[in-house]
Amino acid sequence: MVDQADDRRQRRLLLRTRPAPNSRIDAVTSLVGRLEGPADDVTDVIVRYIADRDVLLPESLGAFLPALPRGPSVSVEDLAVTVLDDLNDQLVPRWIRVHLRCRRPAASALTRHDVVIEERQPGWDNASLLSRLPPVDD
């Protein structure tokens, strides 16, 4: 039997961090990765966050993505929650948004499925910065 807690722990160890250059400044970091899925699905994983104490080493996202649970029983929504939970655990960011864009083959009746999920630390707010973020490209 596969131990899900052990899988989660091993996956989270792939997310390596370093101290943020200046924890007093709200700076938005954006990272984009790609997952190949079943039936020729391709899922772009777009992560935007505002660091608190640590920033993610970008190459570690590339190591982390293939370790995510995949398969027909894992929905795009499930995957988004897993990415958010794992990043929150390792980074503890002030604010984070995870956007998954799943594109299906052109012959499929459904060609795209997007999920956006977001969290922030209690009491943190920088509405003027967040309102100026450019939209994620289509």
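These numbers come from the heavy atoms of this one structure, side chains and all, not from hydrogens, waters or symmetry mates.
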Task: Exercise: identify the closest heavy-atom pair between Ser73 and Asp78 - done: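 The pair with the smallest heavy-atom distance is O-OD2, 3.8 Å.
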Task: Nearest heavy atoms of Cys102 and Val76, plus distance in Å - done: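 Result for this residue pair: CB-CG2, 4.0 Å.
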Considering only NZ, NE, NH1 and NH2 on the basic side and carboxylate oxygens on the acidic side, decide whether [X] and [Y] come within less than 4.0 Å.
X: Arg112; Y: Asp114; value: yes
X: Asp85; Y: Arg8; value: no
X: Arg94; Y: Asp26; value: yes

Quick one: are [X] and [Y] in side-chain contact, heavy atoms under 4.5 Å?
X: Thr17; Y: Arg53; value: no
X: Arg34; Y: Val42; value: yes
X: Val92; Y: Gln121; value: yes
X: Arg16; Y: Glu59; value: yes
X: Asp44; Y: Leu100; value: no
X: Leu31; Y: Pro58; value: yes

Task: Check: Trp95/Glu118 side-chain N/O donor and acceptor closer than 3.5 Å - done: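 A pair is found: one side chain offers a donor N or O, the other an acceptor, under 3.5 Å apart.
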TODO: Look up atom CG in Leu57 and atom CZ in Arg18, then write down how far apart they are to the nearest 0.5 Å.
DONE: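 So the gap between those two atoms works out to 7.0 Å.
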Open item on the list: Ile117: which residues meet the side chain to side chain contact (heavy atoms under 4.5 Å, CB included) condition with it, sequence neighbours left out?
Closed with: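 Here the qualifying residues are Ala80, Val81, Leu84, Val98.
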Open item on the list: Restricting to side chain to side chain contact (heavy atoms under 4.5 Å, CB included), what partner residues turn up for Thr82, sequence neighbours left out?
Closed with: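 Once residues adjacent in sequence are excluded, the partners of Thr82 under the side chain to side chain contact (heavy atoms under 4.5 Å, CB included) criterion are Arg11, Leu68, Pro69, Asp86.
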